[in-house]
Amino acid sequence: MITELMVERHLALDPATLVNAYRTMYASRRIDDKELVLKRQNRVYFQINGAGHEAVLVAAGLLLRPGYDWFFAYYRDRALALQLGITPYDQLLGAVAADADPNSGARQMPSHWSNRKLNIFSRSSCTGMQFLQAVGAAEAGYRYSMIKEIEDRASRFERDEVVYVSAGDGTTSEGEFWESLNTACNLKLPVLYLIEDNGYAISTPVEVQTAGGSISRLLTGFPGLYLEECDGTDLLASYETLQRAIDYVRERRGPALVHAHVIRPYSHSQSDDESLYRPEDERAMDAARDPIKQLGNLLLRERILTPEELQRIRNEADAEINEAAERALAMPQPPKESATLYIYSPDVDPTSSAFDTEDRAVLSGNEGTMVDLINRCLHEEMDRNPRIVVLGEDVADASRAQYLSQVKGKGGVFKVTANLQRRFGSDRVFNTPLAEANVVGRAMGMAARDLKPVAEIQFFDYIWPAFMQMRDEIPLLRWRSNNAWKCPMVVRVPVGGYLKGGGIYHSQSGVSTFTSIPGWRVVMPSTAFDANGLLRTAIRCDDPVLFLEHKHLYRQTYNKSRYPGSDFMIPFGKAKVVREGTDLTIITYGALVQRSLVAAKQAADQGVEVEVIDLRSLNPYDWQAIERSVKKTNRVIVVYEDFVSWGYGAEIAARIADELFDHLDAPVKRVAALDCFVSYAPDVEDATLPQVENVLEAIREIAAY
């Protein structure tokens, strides 16, 4: 009784909980130590530690609920992972790159925690990317709570769930951190930020990273954000602070941020030597605040444990970790042939006949433009699947819904999303801040929780702030988690030139940047008919899809179509021969399909019959269609809007030369944009981008070879 009363003065944690907390903290440190030894022996290949962070992380693990709450934990969060249920053996399997590694199948470095059952989301090594994904995951629960048409929505979220996201002090310098706070506060999302401030971002001290040397001081103006600092090396102080913050979040009052001051008694990682930039007296001050020593002293001082009992706990943990390490070291690495496993969904194949209804399409109604048929597809798919949400800049009709009865509505810069908000409401169609990473990062978090986001980037030219999310996060999630996690979503992007007056920043067509990234499906229709079928496939696909909509084609009359039906789909990787020919093949896509057709017609007047192939799908692309045509005509031109050097068509040309050389009667010719940007001046734009006369000149040259 005396012991319990003394403990209650610190916090209402019973002695057993304190002892177990010590056991977890000590085990966390000893796993770090074991990995460091194994690294020196070249038996593991990388090591990064969580030393000095253990107390606040165990406190968080005591208060949060695995499998109920959601966790975006970073590489220092070893003690949290242990507390939530990722065992020492599980962690060491990752360190030795074992095939059985439950975190990533040995695809990621150690300490990248992931567990679907525990709701521990797969994290990358990219600092700051997790913040928007965590906000998206919290937003998924928020939208499940409002979209009543989702029949099983009650099983998809908890009304008092918390989404935990953590990072070091250095990561708060990333723009995604600030973008995430803006949205979390704006929507009052249930996000708990834990900033583990050990004073350094590798070798850069906090006062160099952050104005004033304190991130929490910079955040005081965020509306509705609960903000508190604590000594993250003190388990009890951390527990008290986190309990207040978590209560605030569970009560749905808004997000909370706990700024925990911790230490880093070891170097940043095994490849860093902190003695090069930290003096010995500073390191000694850290050692004096060691959280494991502090809790051990508390257990002795309060007579919860004797010195012998404390040592027994250490010995037991050491024995468990040594045994786990030996078992892990005996496990085989993944087989070499597994390298390409799970780049794409193993369950849903959008290239299959299940997605091919093209020959059965029944056309009806009046002809519509590409904008019309994309818009109608979105309406029908949203009606079919209530999990679809549409987000982006200006995609709503009017964010101030009370004005909808007074105004026509925006519905996107090009009107592609017109009337979606009117039909499906503001919970499913909504504007975002003018921040492209915010759009796709949130969408990724929502998709990971089984919503189906259709996000819009307003212009391809402005996609680059989202590039980290689109290069290192979205397409890699399934692969890096060994198929434990996925984020099937669609990113719609107006792209390309031929606008007259678009200038440098509204005319880019750099599709090769994304077709070269494994994990993305990339399509670009050239007609309204194809746009409708490809978009429906994209929405029903189980992978991330980049859906490129050429702005020049939005309202052309030559590519209009009657409506092909509400189940009309075109599979990815299926090209279309839009003109039969015998003398020469043109391989193209997008706005250059029509220009190639015009050039082919003019060539026919001169006795050259040109076959024109519209790829439609850029990754995957239809190699079989290319092969058949080249073997038939023996001459080929690749026409594309990218820069001529290193552009999309260069890969097609190289593969033809490599695999079909024996069937060629002439060199492979490329017709593409100049290696420069598009000018505002129309005449200069015309000279920069491929025109009909450029294609015709190439036809004459190759036909005469």
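Counting begins at 1 with the first residue of the sequence. Computed from heavy atoms alone, side chains included, the values below leave out hydrogens, waters and symmetry copies.
Of all non-hydrogen atoms in D461 and S507, the two that sit nearest each other are OD2-N, 2.9 Å. Here the closest non-hydrogen pair linking E176 and A437 is OE2-CB, 3.8 Å. For the residue pair M569 and A354, the shortest heavy atom distance occurs at CE-O, 3.7 Å. When all heavy atoms are compared, the tightest approach of A447 to P488 is CB-O, 3.6 Å. Scanning both residues, L477 and S122, for their nearest heavy atoms gives CD1-CB, 3.9 Å.
Qualifying side chain to side chain contact (heavy atoms under 4.5 Å, CB included) partners for W464, counting only residues two or more places apart in sequence or in other chains: F460, F467, Q508, T513, F514. A search for salt bridge (charged side-chain N to carboxylate O under 4.0 Å, His left out) contacts involving E251 returns R253, not counting sequence neighbours. Every residue two or more places apart in sequence or in another chain that forms a salt bridge (charged side-chain N to carboxylate O under 4.0 Å, His left out) with D542 is listed here: R478, K486. In this structure N438 satisfies the side chain to side chain contact (heavy atoms under 4.5 Å, CB included) test together with L132, E179, T183, T432, P433, A435, R442, sequence neighbours excluded. Applying the side chain to side chain contact (heavy atoms under 4.5 Å, CB included) criterion to A466, with sequence neighbours excluded, gives E436, V440, M470. Residues passing the side chain to side chain contact (heavy atoms under 4.5 Å, CB included) test with C676 are L674, T688, sequence neighbours excluded. Looking at residues two or more places apart in sequence or on another chain, you find no side chain to side chain donor-acceptor pair (under 3.5 Å) involving N186.
Aromatic rings of H550 and Y589 (six-membered ring for Trp) have centroids beyond the 6.0 Å cut-off, not under it. Aromatic pair F121/W485: ring centres closer than 6.0 Å. Ring pair F131/F177: centre-to-centre distance below 6.0 Å.
Cation-pi geometry between R521 and F547 is not met: the NZ or CZ atom fails to fall both under 6.0 Å from the ring centre and inside 45° of the normal.
Evaluation of the side chain to side chain donor-acceptor pair (under 3.5 Å) test over residues 150-159, restricted to residues two or more places apart or in two chains, returns D152-R156, D152-R387, R156-D450. The list of salt bridge (Lys or Arg N to Asp or Glu O under 4.0 Å) pairs with a residue in residues 467-476, not counting sequence neighbours, reads E473-R480. The ring-ring contact (aromatic ring centres under 6.0 Å, His included) analysis of residues 390-422, with sequence neighbours excluded, yields the pairs F414-F459, F414-Y554. Sorted by first and then second residue, the salt bridge (Lys or Arg N to Asp or Glu O under 4.0 Å) pairs with a member in residues 352-366 read D356-K574, E358-K574, E358-R616; sequence neighbours excluded. For residues 561-580, every residue pair satisfying the ring-ring contact (aromatic ring centres under 6.0 Å, His included) rule, not counting sequence neighbours, is listed here: F529-F568.
Ion pairing of D397 with R423 is absent here, as no side-chain N (NZ or NE/NH1/NH2) approaches a carboxylate O to less than 4.0 Å. The residues R376 and E380 are annotated as salt-bridged, a charged nitrogen and a carboxylate oxygen being separated by less than 4.0 angstrom. Under 4.0 Å is where a charged nitrogen must lie from a carboxylate oxygen, and between E456 and R492 at least one such pair does.
For Y558, the OH atom sits in a packed shell: over 12 heavy atoms of surrounding residues, nucleotides or ligands are nearer than 6.0 Å. Annotation for K408: atom NZ does not count as buried by contact number, only 12 or fewer foreign heavy atoms lying within 6.0 Å. Counting heavy atoms of neighbouring residues, nucleotides and ligands inside a 6.0 Å radius, atom NZ of K560 exceeds 12 of them.
Side-chain contact of S426 with Q421: a donor-acceptor pair under 3.5 Å is present, judged by distance alone. Residues D394 and Q458 bring a donor and an acceptor atom of their side chains to less than 3.5 Å of each other. No side-chain donor-acceptor contact under 3.5 Å links D543 and S345. A donor and an acceptor atom, one from each side chain of S180 and Y193, are located under 3.5 Å apart.
The backbone N or O of K576 lies less than 3.5 Å from no partner atom in the side chain of D614, so there is not a single donor-acceptor pair. In this structure, Y344 contributes its side chain and G519 its backbone to a donor-acceptor pair below 3.5 Å. No donor-acceptor distance shorter than 3.5 angstrom exists from the side chain of K410 to the backbone of A418, with no hydrogens or angles considered. Proximity of a side-chain donor or acceptor of D160 to a complementary backbone N or O of R250 within less than 3.5 Å is not detected. No donor-acceptor pair under 3.5 Å is formed between the side chain of E549 and the backbone N or O of V416. Panel note: side chain E174, backbone M129; no donor-acceptor pair is recorded below 3.5 Å. Panel note: side chain S617, backbone G573; a donor-acceptor pair is recorded below 3.5 Å.
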Going through the distances and angles, do K452 and E381 end up as a salt bridge (charged side-chain N to carboxylate O under 4.0 Å, His left out)?
CA-CA 11 Å; K452 186 73 176 194; E381 289 300 296; over 6 Å; no
Stepwise side-chain contact (heavy atoms from CB on, under 4.5 Å) check, Y498 with K551:
CA-CA 8 Å; Y498 301 105; K551 301 186 293 290; over 6 Å; no
Could you walk me through whether H379 and N375 satisfy the side-chain hydrogen bond (donor to acceptor under 3.5 Å, both in side chains) test, starting with their C-alpha distance in whole Å, then the side-chain angles of each, then the deciding distance to 0.1 Å, before giving a yes or no?
CA-CA 6 Å; H379 271 87; N375 180 269; 3.2 Å; yes
From CA spacing to verdict: side-chain contact (heavy atoms from CB on, under 4.5 Å), Y142, L187:
CA-CA 9 Å; Y142 167 74; L187 298 179; 4.2 Å; yes
What's the verdict on side-chain contact (heavy atoms from CB on, under 4.5 Å) for S399 and F430, showing C-alpha distance, side-chain angles and the deciding distance?
CA-CA 7 Å; S399 286; F430 47 92; over 6 Å; no
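The distance from the CD atom of Q556 to the CD atom of Q594 is 8.0 Å, given to the nearest 0.5 Å. Here the straight-line distance linking atom SG of C487 with atom CD1 of I474 works out to 6.0 Å at 0.5 Å rounding. Going from atom OH of Y648 over to atom OG of S516 covers 11.0 Å, rounded to the nearest 0.5 Å. D427 contributes atom CG, which lies 6.5 Å from atom CD1 of I147 (distance to the nearest 0.5 angstrom).
The side-chain heavy atoms of R252 and P190, taken from C-beta on, include a pair separated by under 4.5 Å. With contacts defined as side-chain heavy-atom distances shorter than 4.5 Å, the pair L548/V511 qualifies. Looking only at side-chain heavy atoms (C-beta outward), I388 and I539 come within less than 4.5 Å of each other. Side-chain contact between E685 and D683 is absent, with no heavy atoms from C-beta onward closer than 4.5 Å.
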